[in-house]
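Scroll down for the structure; my scribbles are underneath it.
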Amino acid sequence: MGWVYDNLKYDRNKELNFWYTQFDQFEETDMGSYLKFEMLKMKSWPVPPVIVEAEFAVELGAFPSIVGRPYYLIEGTRRVSYARRMMELGLLDSQTNVTLVEIQGL
């Protein structure tokens, strides 16, 4: 999980933290979504996010100024954001292995 925390970025190289507030609200009220409960139980995500190396994203036509680096998250913002928050709160260890789907060029 530490690799994900350090290497996955979103549009304009933003950290994937924009779902932190929702996760924190769910934790404070002991409520949440199916995704939150599954991730807490599994210590991972139920379906792996999809990533691509930044340079390959540009080759595919993405604007270089928008692509996150070194790896760009194509799909899975909520899962990655929740996992990052879980790691910060000590609910997930940085050494935890997680599965990702990486699309690679030929």
Side-chain angles (χ1 to χ4, degrees):
M1 184 58 211
W3 184 92
V4 169
Y5 192 93
D6 294 337
N7 291 286
L8 285 187
K9 305 289 188 228
Y10 197 57
D11 289 349
R12 292 181 170 71
N13 227 30
K14 290 182 183 172
E15 299 289 332
L16 286 144
N17 60 8
F18 39 89
W19 290 104
Y20 280 21
T21 302
Q22 183 182 71
F23 188 89
D24 291 345
Q25 288 171 341
F26 286 160
E27 282 294 285
E28 290 170 8
T29 60
D30 199 31
M31 296 179 67
S33 64
Y34 167 80
L35 178 61
K36 177 209 162 199
F37 292 122
E38 281 299 299
M39 288 183 67
L40 286 170
K41 181 174 74 175
M42 296 173 59
K43 301 294 184 202
S44 186
W45 30 63
V47 177
V50 179
I51 66 171
V52 65
E53 212 169 348
E55 295 310 315
F56 185 53
V58 172
E59 287 176 30
L60 292 173
F63 293 108
S65 62
I66 292 178
V67 173
R69 296 174 188 280
Y71 284 85
Y72 184 55
L73 181 68
I74 301 292
E75 191 279 328
T77 58
R78 189 177 310 219
R79 282 169 277 155
V80 172
S81 189
Y82 276 19
R84 287 174 51 94
R85 188 62 176 148
M86 288 169 61
M87 198 172 92
E88 290 178 2
L89 295 173
L91 302 171
L92 184 63
D93 187 86
S94 65
Q95 299 303 311
T96 300
N97 289 323
V98 292
T99 302
L100 297 166
V101 173
E102 181 181 358
I103 300 171
Q104 298 179 334
L106 299 176

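In this chain, numbering begins with 1 at the start of the sequence shown.
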- State, to 0.1 Å, how close Glu75 and Pro48 come at their nearest heavy-atom pair, and which atoms those are. OE1-O, 4.3 Å

- Heavy-atom distance under 4.5 Å between the side chains of Leu16 and Phe18, does that happen here? yes

- Query: In terms of the angle between their ring planes, are Tyr82 and Phe26 parallel, tilted or perpendicular, with boundaries placed at 30° and 60°?
  - Reply: perpendicular

- Any side-chain heavy-atom pair of Val4 and Trp45 under 4.5 Å: yes

- Euclidean distance, Asp93 CG relative to Met86 CE, rounded to 0.5 Å: 11.0 Å

- Query: What distance separates Thr77 OG1 from Leu8 CG, expressed to the nearest 0.5 Å?
  - Reply: 11.5 Å

- Message: Within this structure, what is the CD-OH distance for the pair Glu55 and Tyr71, rounded to the nearest 0.5 Å?
- Response: 11.0 Å

- Check the hydrophobic clustering (I, L, V, M, F, W, Y; side-chain heavy atoms under 4.5 Å; chains of links allowed) and say if Trp3 and Met87 are grouped together. yes

- Task: Measure the OG-OH distance between Ser81 and Tyr10 for me, rounded to the nearest 0.5 Å.
- Result: 11.5 Å

- Message: Taking Asn97's backbone N and O only, do any of them form a donor-acceptor pair with Lys43's side chain (distance below 3.5 Å, no angle check)?
- Response: no

- At their closest point, which heavy atom of Ala54 faces which heavy atom of Gly68, and how far apart are they? CB-O, 3.4 Å

- Same cluster or not: are Val52 and Tyr5 linked, directly or through other Ile, Leu, Val, Met, Phe, Trp or Tyr residues, by side-chain heavy atoms under 4.5 angstrom apart? no

- Message: Around atom CE of Met31, are there more than 12 heavy atoms from other residues, nucleotides or ligands closer than 6.0 Å?
- Response: no

- Task: Assess whether side chain to side chain contact (heavy atoms under 4.5 Å, CB included) is satisfied between Lys36 and Glu27, documenting all intermediate values.
- Result: CA-CA 9 Å; Lys36 177 209 162 199; Glu27 282 294 285; 2.8 Å; yes

- Is Val50 linked to Val67 within one hydrophobic cluster, defined over Ile, Leu, Val, Met, Phe, Trp and Tyr using a side-chain heavy-atom separation of less than 4.5 Å? yes

- Glu38 and Pro46 have their tightest heavy-atom pair at CB-CG, 4.5 Å

- Query: Measuring from Lys14:NZ to Ile66:CD1, what's the distance to the nearest 0.5 Å?
  - Reply: 10.0 Å

- Message: Please tell me whether Phe63 and Ile74 are part of a single hydrophobic cluster in this structure, the criterion being side-chain heavy atoms less than 4.5 Å apart.
- Response: yes

- Query: Can you check whether Tyr72 reaches Asp11 side chain to side chain, under 4.5 Å on heavy atoms?
  - Reply: yes

- Query: Are Leu35 and Val47 connected in the hydrophobic side-chain network, where two residues link if heavy atoms are under 4.5 Å apart?
  - Reply: no

- Enter the distance from Arg79:CZ to Leu100:CG here, rounded to the nearest 0.5 Å. 10.0 Å

- Message: Please enumerate all residues that pass salt bridge (charged side-chain N to carboxylate O under 4.0 Å, His left out) together with Arg78, with sequence neighbours excluded.
- Response: none

- Task: Spell out, as yes or no, whether a donor-acceptor pair under 3.5 Å connects the side chain of Asn13 to the backbone of Arg69.
- Result: yes

- Message: Are the side chains of Phe56 and Gln104 in contact, using a 4.5 Å heavy-atom criterion?
- Response: no

- Message: Taking the basic N atoms (NZ, or NE/NH1/NH2) and the acidic carboxylate oxygens, is any pair closer than 4.0 Å for Glu15 and Arg84?
- Response: yes

- Might you point out which heavy atoms bring Met1 and Ala83 nearest each other, and give the distance in Å? CE-CB, 3.5 Å

- Query: So, for Val80 and Pro49, which heavy atoms are closest and what is the spacing to 0.1 Å?
  - Reply: CG2-CG, 3.6 Å

- Message: For Glu102, give me all partners under salt bridge (charged side-chain N to carboxylate O under 4.0 Å, His left out), at least two apart in sequence or on another chain.
- Response: none

